[in-house]
Amino acid sequence: MRLSRYLLPTSKDNPAEAQIVSHRLMLRAGMIRQEAAGIYAWLPLGLRVLRKIEAIVRDELNRAGAVELLMPTLQLADLWRESGRYDAYGPEMLRIRDRHERELLYGPTNEEMITEIFRATVRSYRDLPMNLYQVQWKFRDEQRPRFGVLRGREFLMKDGYSFDLDEAGARLSYQRMFVAYLRMFARMGLTAIPMRAETGPIGGDLSHEFIVLADTGESAVYVDRELLSLPIPGDDVDYQGDLGTWVDAWATPYAATEDVHEAERFEREVPAERRMQTRGIEVGQIFYFGTKYSAPMKTTVTGADGNDHLIHGGCYGVGVSRLIGAIIEASHDERGIVWPDLVAPFHVGLVNLQQGDEQTDMACDALYTELTRAGVEVLYDDTAERAGGKFATMDLIGLPWQLVVGPRDLKQGLVELKRRATGERETLPIDTALAKLLKDAHRAAH
Ligand code: ATP
Ligand code: MG
């Protein structure tokens, strides 16, 4: 992508309305634009990150056996009357009437609709377990939308739903999602800790919130430090096999949000030097809810015994748009964002230090063509901006690599390569720099 043809409205000034660093940096880096309270337009750079996050989410869920579909954002109120939630939901639900005075709502979540789809299409225990998910915009009329995409009103969520014949099956579905979540957040460069969460009236031990530690987080959390160094299940993890060991390893050490925190237990179970009290951002939640929806909505399958069984359900949410804020909270410095490789909007920023100088332009064009052809995503700063401004923009938008080409080094066939995360710079022959970038892009993609 040539910056001269791109829409990247960056700014040097800190926007007054932004209270936390991720919100400030997203606005300054030209990733989003607020169109109404808690409602954002995704500008090109922000959209690229959103798509990268979606891709990781899909990849891990598909691997775990979940199947993607897409439901509409608008739903009939009558569907929600079946579960009793239309009246219970309260002012967070955006209620709408169409021209025929039919009552609709903009979905804040989709348990009812997915149950309706399942009820109409699946009849037999042989089709189970089933796990269906979508990545779709949600609307919740939050009382206090704030912190940019961390608490929006319109936001992108991955919502998944599992269907099993009984509780034992539902536990296995839950474990598959638990492991998939560990892997997906790790691939985004995040440490997200599963913490025991409130299960509401059904009780039980099967709900976890996945929380990224950050001082700016909305929830106070209490964590056994041991969790910070636990291994993540590898590529070879077998979703058909026994995942209990992984779940136990991660779910046993103490980790709780303030809602369910038990101070006495924390002190008893965790040695003082391992006790950590901090704040965190909820990026996902998994939940087993049994027959909460299948009972009122009469959703059954025929079992091997020939009888009808109410299905046992679970739901699994990921805050796709919120994750961008969480990643920036976890990965930035005083100059801007530092994207983890796999979610970076581009892999390389190519900086032409003397736009209009024939040799420099030619060298940049050749590098741009070659990298792009090899599948490396390059943002090429071919604008007339002065060098200082170009460097500041590159640091602000945080691409993993900066490839800097100027007339002086070029006379000796050299270019400069800078790693954004460490600030390390190397002056290298053009071919060496190119080979290094190709190799690294290949490594990052695998
Ligand atoms: P919160 O407690 O933060 O309000 P929630 O528990 O109500 O969230 P869930 O129903 O569990 O949210 O939704 C699944 C995921 O969607 C959450 O884990 C979170 O990452 C994301 N999410 C929820 N509300 C918002 C919001 N207003 N803006 C952005 N992301 C959100
Ligand atoms: Mg939640």
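Reckoned from all heavy atoms, side chains included, excluding hydrogens, waters and symmetry mates.
- Cation-pi contact between R419 and W401: present, with separation from the ring centre below 6.0 Å and deviation from the ring axis of at most 45°.
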Side chains of residues 242-252: which donor-acceptor partners sit under 3.5 Å, not counting sequence neighbours?
| unit_1 | atom_1 | unit_2 | atom_2 | d |
| --- | --- | --- | --- | --- |
| D242 | OD1 | G244 | N | 2.8 |
| W250 | NE1 | P231 | O | 3.1 |
| T252 | OG1 | D248 | O | 2.4 |

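- Legend: residues meeting side chain to side chain contact (heavy atoms under 4.5 Å, CB included) with E103, ordered by chain and number and at least two apart, are A77, R81, Y86, R97.
- Residues forming a side chain to side chain contact (heavy atoms under 4.5 Å, CB included) with T115 (at least two apart in sequence, or on another chain): Y293, M297, T299.
- Salt bridge R196/E262: present, at least one basic N to carboxylate O contact under 4.0 Å.
- I39 meets the side chain to side chain contact (heavy atoms under 4.5 Å, CB included) test with A36, F139, R153, E154; sequence neighbours excluded.
- Salt bridge absent: R279 and E258 never bring a charged side-chain N and a carboxylate O closer than 4.0 Å.
- The aromatic rings of F266 and H261 stand perpendicular to each other, their planes meeting at an angle above 60°, with 30° marking the opposite boundary.
- A ring-centre distance under 6.0 Å is not found for Y316 and F178.
- Both the sub-6.0 Å distance and the 45° axial angle are satisfied by R48 relative to the ring of F346.
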Side-chain atoms of residues 20-30: list all donor-acceptor pairs with protein atoms under 3.5 Å, sequence neighbours left out, distances to 0.1 Å.
| unit_1 | atom_1 | unit_2 | atom_2 | d |
| --- | --- | --- | --- | --- |
| S22 | OG | E329 | OE2 | 2.6 |
| H23 | ND1 | G148 | N | 3.4 |
| R28 | NE | S11 | O | 2.9 |

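- T278 pairs by the side chain to side chain contact (heavy atoms under 4.5 Å, CB included) definition with L213, D215, V221, M276, not counting sequence neighbours.
- In this structure, the separation between CE on M195 and CD1 on I211 is 4.5 Å, given to the nearest 0.5 Å.
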